[in-house]
Amino acid sequence: MERIKINLDLDPSERWKNLKKFKEQINSLYKYYLEDLSDAGIFETYIETYKTNFITSSYRDEIKSIEEFCDFTENQILITNLYYDALKFVFGCTAFCVTNVKERLHARNLDWWTENNILGKYTKIFDFEENGKTVYSLVGWPGFVGALSGVKKGAFSITLNAVLSNESPQFAIPITFLIRDVLEKAKTFSEAVKTLSETTIASDCLLMVVGANDNENVVIERTPTTFSIRKPLDNSLIVTNEYLSLTDNKLTQDTLQLTAFGRHIRVKQLLDKDTPKVTKDYFNILSDSKVKMDITVQQMVLNPKSGEIHLKI
């Protein structure tokens, strides 16, 4: 899998210029995103106000620099980076970790419907560096500055799953930008969990956070303004696309929940049958016919202790 270095020592306006060679991929992704978001007119209407109030100058400068070598405007690029908050009902996702092992690994399927597997084909690993050393790494796509899945060596890993609540969206920081903020700034698992839990965000989500130390494994169930922290049960922690703790906020029979329970139960069955010991065992569970979906575009195993990312497309 191709890895791209992003130098955090550079000015934000310079960090992404090494992506010029991926112009064709970036244009294809943006075109796809914007076509999907064509009905989300509220973003076009309020994007200037939203950008000023909730997108930091650093992220705005990063986006402006991408505008220089692609065929889309700054606002269009920002709108595509808000894709999760606008259309999370097209996401699936399953993640799990096991706690009764020496080295905890964080396994995850990213399920996202796309035409021609464009998201799978253009997946990259991005290593964000300071002073020549990797601070954190993301699994993502060229032109996408936020984070859905990432790991900070010796500290923690984070993955995002979609969910729907009965709470209205908020004008607040998009969760994908907050995840990157946490990977960049949080020094410890506890600090990461606190920020991800207590910050008002734009939309609902489920966050699995796995630390490098013992007893550092949680799922944070989020609505824009509330949270609940779920801990491992019977030596495992599993998350799909439904609230198991914030049940008062739960919407029933939404699209995301149609397969969520079945995937959760199947992962639990497989973990109870045989505890995974090596990376291959985790991928075997992710690839089980009752866990992997037709829309799965990425399968990964993150190691928060070593910072390693094992990825299959």
Side-chain angles (χ1 to χ4, degrees), residues 1-4 91-114 117-127 134 136-141 147-162 179 183 206-212 216-219 232-241 259-313:
M1 180 56 60
E2 189 165 11
R3 303 187 78 118
I4 298 171
F91 287 74
C93 305
T94 301
F96 69 92
C97 69
V98 179
T99 60
N100 62 336
V101 291
K102 183 177 180 180
E103 189 170 49
R104 279 166 304 286
L105 300 178
H106 182 163
R108 184 266 222 291
N109 278 349
L110 175 63
D111 306 320
W112 188 345
W113 185 89
T114 61
N117 192 34
I118 188 173
L119 294 179
K121 290 188 295 185
Y122 295 160
T123 293
K124 307 283 189 292
I125 296 175
F126 296 86
D127 297 313
T134 299
Y136 62 95
S137 300
L138 307 180
V139 180
W141 305 272
L148 297 173
S149 313
V151 61
K152 186 167 192 171
K153 180 181 178 180
F156 52 84
S157 54
I158 307 170
T159 56
L160 167 69
N161 285 27
I179 292 173
L183 285 162
L206 302 171
L207 302 165
M208 177 172 277
V209 189
V210 179
E216 292 185 339
N217 317 268
V218 297
V219 169
L233 180 65
D234 298 331
N235 298 317
S236 66
L237 186 62
I238 304 166
V239 59
T240 54
N241 302 105
T259 65
F261 180 73
R263 283 181 280 123
H264 188 122
I265 292 298
R266 181 57 176 167
V267 171
K268 186 67 168 66
Q269 290 172 342
L270 294 170
L271 293 176
D272 289 345
K273 181 180 179 182
D274 190 14
T275 300
K277 298 177 178 61
V278 295
T279 302
K280 181 181 177 181
D281 299 336
Y282 286 81
F283 276 119
N284 286 341
I285 293 174
L286 291 174
S287 297
D288 181 85
S289 62
K290 295 181 180 179
V291 177
K292 184 179 179 181
M293 302 178 72
D294 291 339
I295 61 172
T296 299
V297 295
Q298 297 169 350
Q299 295 180 296
M300 67 193 73
V301 179
L302 311 176
N303 187 325
K305 190 170 185 178
S306 69
E308 292 177 288
I309 295 176
H310 302 273
L311 183 63
K312 289 185 177 182
I313 303 301

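Sequence positions, counted from 1, serve as the residue numbers for this chain.
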Residue pair C93, N241: steps toward the side-chain contact (heavy atoms from CB on, under 4.5 Å) verdict:
CA-CA 7 Å; C93 305; N241 302 105; 4.3 Å; yes
Take V219 and L207 through the side-chain contact (heavy atoms from CB on, under 4.5 Å) test and state the conclusion after the steps.
CA-CA 5 Å; V219 169; L207 302 165; over 6 Å; no
Please report the C-alpha distance between I125 and L138 in whole Å, then the side-chain angles of each, then the deciding distance to 0.1 Å, and finally whether the side-chain contact (heavy atoms from CB on, under 4.5 Å) criterion is met.
CA-CA 6 Å; I125 296 175; L138 307 180; over 6 Å; no
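By the side-chain hydrogen bond (donor to acceptor under 3.5 Å, both in side chains) test, D281 pairs with no residue at all, sequence neighbours left out. The side chain to side chain contact (heavy atoms under 4.5 Å, CB included) search around T134 returns D127, E129, S137, not counting sequence neighbours. By the side-chain hydrogen bond (donor to acceptor under 3.5 Å, both in side chains) test, Y136 pairs with R180, E184, sequence neighbours left out. With sequence neighbours excluded, no residue forms a salt bridge (charged side-chain N to carboxylate O under 4.0 Å, His left out) with K312. In this structure, R108 has no salt bridge (charged side-chain N to carboxylate O under 4.0 Å, His left out) partners at least two apart in sequence or on a different chain. For the ring-ring contact (aromatic ring centres under 6.0 Å, His included) test, residues two or more places apart in sequence or in another chain that qualify with F126 are W16. K268 meets the side-chain hydrogen bond (donor to acceptor under 3.5 Å, both in side chains) test with D272; sequence neighbours excluded. Residues passing the ring-ring contact (aromatic ring centres under 6.0 Å, His included) test with F96, sequence neighbours excluded: Y282. By the side chain to side chain contact (heavy atoms under 4.5 Å, CB included) test, T296 is found to be paired with N109, D111, K292, M293, Q299, residues two or more places apart in sequence or in another chain being considered. Considering only residues two or more places apart in sequence or on other chains, T123 meets the side-chain hydrogen bond (donor to acceptor under 3.5 Å, both in side chains) condition with W141, Q298.
With hydrogens and angles left out, the side-chain atoms of R263 and T94 include a donor and acceptor closer than 3.5 Å.
Note that CG of L110 and CE of M300 are 6.0 Å apart. Values are rounded to the nearest 0.5 Å. One distance of note links OG1 of T99 with CG of N235; it measures 4.5 Å at 0.5 Å rounding.
For the pair K152 (side chain) and L183 (backbone), a donor-acceptor distance under 3.5 Å is present.
Taking each heavy atom of G120 and I313 in turn, the nearest pair found is O-CG2, 3.2 Å. Residues P304 and S157 approach most closely at CB-N, 3.9 Å, considering heavy atoms. Minimum heavy-atom separation, E216 to A212: OE1-N, 3.3 Å. For C97 against N217, the heavy-atom pair with the smallest separation is SG-OD1, 3.7 Å.
Across N161, L160, V139, T159, a single residue satisfies side-chain contact (heavy atoms from CB on, under 4.5 Å) together with L148, and that is L160.
Among pairs with a residue in residues 93-107, those fulfilling salt bridge (Lys or Arg N to Asp or Glu O under 4.0 Å) read R104-D214, at least two apart in sequence or across chains. Here ring pair (Phe, Tyr, Trp, His ring centres under 6.0 Å) pairs that include residues 283-313, with residues two or more places apart or in two chains, number zero.
For the pair L271 and P276, the minimum side-chain heavy-atom distance is below 4.5 Å. A heavy-atom distance below 4.5 Å is found between the side chains of V151 and I309. When side chains are defined from C-beta on, D288 counts as touching L270, because their heavy atoms get closer than 4.5 Å. Counting heavy atoms from C-beta outward, M208 and I158 have side chains that stay 4.5 Å or more apart.
Atom NZ of K277 sits in a crowded spot, with more than 12 heavy atoms from other residues, nucleotides or ligands closer than 6.0 Å. The neighbour count for K305 NZ, taken as heavy atoms of other residues, nucleotides or ligands under 6.0 Å away, does not exceed 12.
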